[in-house]
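Below is one structure, written out as structure tokens; comments come after it.
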Amino acid sequence: MKKIKQQLALYKNFFFLRRNFFLLAVLAGIAYYWINHHSGMPGSAARVQIVLSAITIAFCGLVLVFSLFSGVPAYLAFWFKKRILEEDPEEREDIIKIKFLPKSAQPASRPAEIRVYGLRKPWFGYVRVKLIYQDGQQSEDILLDQPIIEAGKKRGMMSTKAVAMPNIKDYRIRAAFIFFEDFFHLFAFPYREDENQGIFIEAPVSDQEPLPIKTDHAQEPVLKVQRHRFAKGEPLDYKKYTPGDDIRRIIWKNYARSRELTVRIHDRNFPYVSHINLLASFYDGTSSTVDLELKTLLLDAYKEKLRQVIDSILEQGFSVQFIPDQTVGTHYVLDDYQRILYQISACNWQRETLPEQFVEEQSHRMRG
């Protein structure tokens, strides 16, 4: 059902008639009915009604003609130039350039500079752009209100506007619609352009106290430690309580939080360390009827906690190998730390791989 709604929302962008067109058509229809209704009636009152209705129809016709001459020439000129007349393939393909600017004071948005080359604004009209993301979501219409002046010539239109990006994820753009809209907002002729740009919103740095994570478990003995370090067993090294375990090792604050008895594993020391393997399961075991906004909110909170865990490990001088339960493609040039943050941002809830299955599949990486 969600995919069907997204497809309908996508196809809706190709529908070029706007609400004002239907309002104008209703007004013209009422005037036409009024003429027919009073045409057979005698008297000056009926003639006045006929004249007023005829003026209304004429006015609607003038508005319609003006709107068509306002939007159609600019749209056709752009379409023919980019689809037929443009000889340079790069100029034909690189129509839209999107540059995301540094973060703004508003945490739920990101300023973006959007440039569209090779177009001219409709006569007394408007040019708008709408971004379509890989997950089917769409941005609001962005009005291009500034000319692009390069080498003393007008090359197109641009706009700098904050684009809503409230969630922690990869906002990958797959297409953009350019709308040529007339002065009276009767028509919005669409031009679709495929895109492969984007930006990922990383989990914010936590303002809480760092998590007390200490461990020396290594996958490969490549870094020699001068003095042995001890794994204190929290929160990575603990297990469920079983009869016979030392009750002095029960973690009571875990019990207060989850009502489940857990005990620390005995402190261990290792002479070597390379990195920490951090497995992250994004399995969604909730019912399909659970509100989607709630799931999104919980996903963002989970991603923030993952970053808090990773930052705590890195602060202690260890490296981290982040292993999610899904494949994440790379679209950006990133260092090791930024790559981990990107993987966290790009992951989504999934229902294919259970946590137990995921851990079993990755068990070979845990040997150290």
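Quick caveat: nothing in here was measured; it's all calculated off a predicted structure.
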Leu299 versus Lys169: any side-chain heavy-atom pair under 4.5 Å?
no

Pair Glu150-Tyr117, side-chain donor/acceptor within less than 3.5 Å
yes

From Gln146 CD over to Met158 CE, what is the distance, rounded to the nearest 0.5 angstrom?
5.0 Å

Should Phe177 and Trp79 be counted in the same cluster of Ile, Leu, Val, Met, Phe, Trp and Tyr side chains packed under 4.5 Å apart?
no

For the backbone of Ser70 and the side chain of Asp182, can you confirm whether one donor and one acceptor N or O come within less than 3.5 Å of each other?
no

Where Ser39 and Ile50 come nearest, the two heavy atoms and their spacing
CA-CD1, 3.7 Å

Please check this pair: side chain of Gln326 against backbone of Asn348, looking for a donor-acceptor N/O pair closer than 3.5 Å.
yes

Without swapping roles, check the side chain of Arg307 against the backbone of Ala203 for a donor-acceptor pair under 3.5 Å.
yes

Can any side-chain N or O of Glu113 pair as donor or acceptor with the backbone N or O of Leu101 at less than 3.5 Å?
no

Neighbour count above 12 (heavy atom, 6.0 Å) for Glu293 CD
no

State whether the side chain of Thr353 and the backbone N or O of Phe358 hold a donor-acceptor pair below 3.5 Å, judged by distance alone.
no

OH (Tyr337) with more than 12 external heavy atoms under 6.0 Å:
yes

From His38 atom NE2 to Gln49 atom CD, the distance as rounded to the nearest 0.5 Å:
4.5 Å

Parallel, tilted or perpendicular, as decided by the 30° and 60° cut-offs, for the rings of Tyr171 and Tyr133:
perpendicular

Got a donor-acceptor contact below 3.5 angstrom from the Glu195 side chain to the Gln197 backbone?
no

Tell me, please, which residues at least two apart from Ser287 pass side-chain hydrogen bond (donor to acceptor under 3.5 Å, both in side chains).
Thr289

Are the side chains of Asn167 and Ile201 in contact, using a 4.5 Å heavy-atom criterion?
no

Can any side-chain N or O of Arg339 pair as donor or acceptor with the backbone N or O of Leu334 at less than 3.5 Å?
yes

Determine the minimum heavy-atom distance between Val290 and Lys295, stating which atoms define it.
CB-CE, 3.8 Å

Just wondering, do Val129 and Leu131 contact through their side chains at under 4.5 Å, heavy atoms?
yes

How are the rings of Phe66 and Phe183 set to each other: parallel, tilted or perpendicular (split at 30° and 60°)?
perpendicular

List the steps, then state whether salt bridge (Lys or Arg N to Asp or Glu O under 4.0 Å) holds for Asp300 with Lys303.
CA-CA 5 Å; Asp300 286 348; Lys303 291 178 177 179; 5.1 Å; no

Closest heavy-atom contact between Phe100 and Ile199?
CB-CD1, 3.6 Å

Counting only N and O atoms by type, is there a donor-acceptor contact under 3.5 Å from the side chain of Tyr75 to the main-chain atoms of Pro190?
yes

Nearest heavy-atom approach of Ile173 to Ala175 is CG2-O, 3.4 Å

Do the rings of Tyr33 and His37 sit parallel, tilted or perpendicular, given the 30° and 60° boundaries?
parallel

Nearest heavy-atom contact between Phe179 and Ala188 is CD2-O, 4.0 Å

Report yes if some heavy atom in the side chain of Pro73 is under 4.5 Å from a heavy atom in the side chain of Arg120; otherwise report no.
yes

Counting only heavy atoms not in Phe22 (residues, nucleotides, ligands), do more than 12 fall under 6.0 Å from its CZ?
yes

May I ask you to decide if Gln308's main-chain N or O and Ser312's side chain share a donor-acceptor pair within less than 3.5 Å?
no

Does Lys161, at its NZ atom, have more than 12 non-hydrogen atoms belonging to other residues, nucleotides or ligands within less than 6.0 Å?
yes

Is atom CD of Glu140 surrounded by more than 12 heavy atoms (other residues, nucleotides or ligands) closer than 6.0 Å?
no

Are any of the side-chain heavy atoms of Leu119 and Tyr191 separated by less than 4.5 Å?
no

On a heavy-atom basis, which atom in Tyr302 and which in Ser281 lie closest, and how many Å separate them?
OH-O, 2.9 Å

So does Asp170 get a backbone contact from the side chain of Ser345, meaning a donor-acceptor N/O pair under 3.5 Å?
no

Are the side chains of Arg115 and Arg155 in touch, meaning some heavy atoms are under 4.5 Å apart?
no

For Gln7 and Tyr11, does a side-chain donor sit closer than 3.5 Å to a side-chain acceptor?
yes

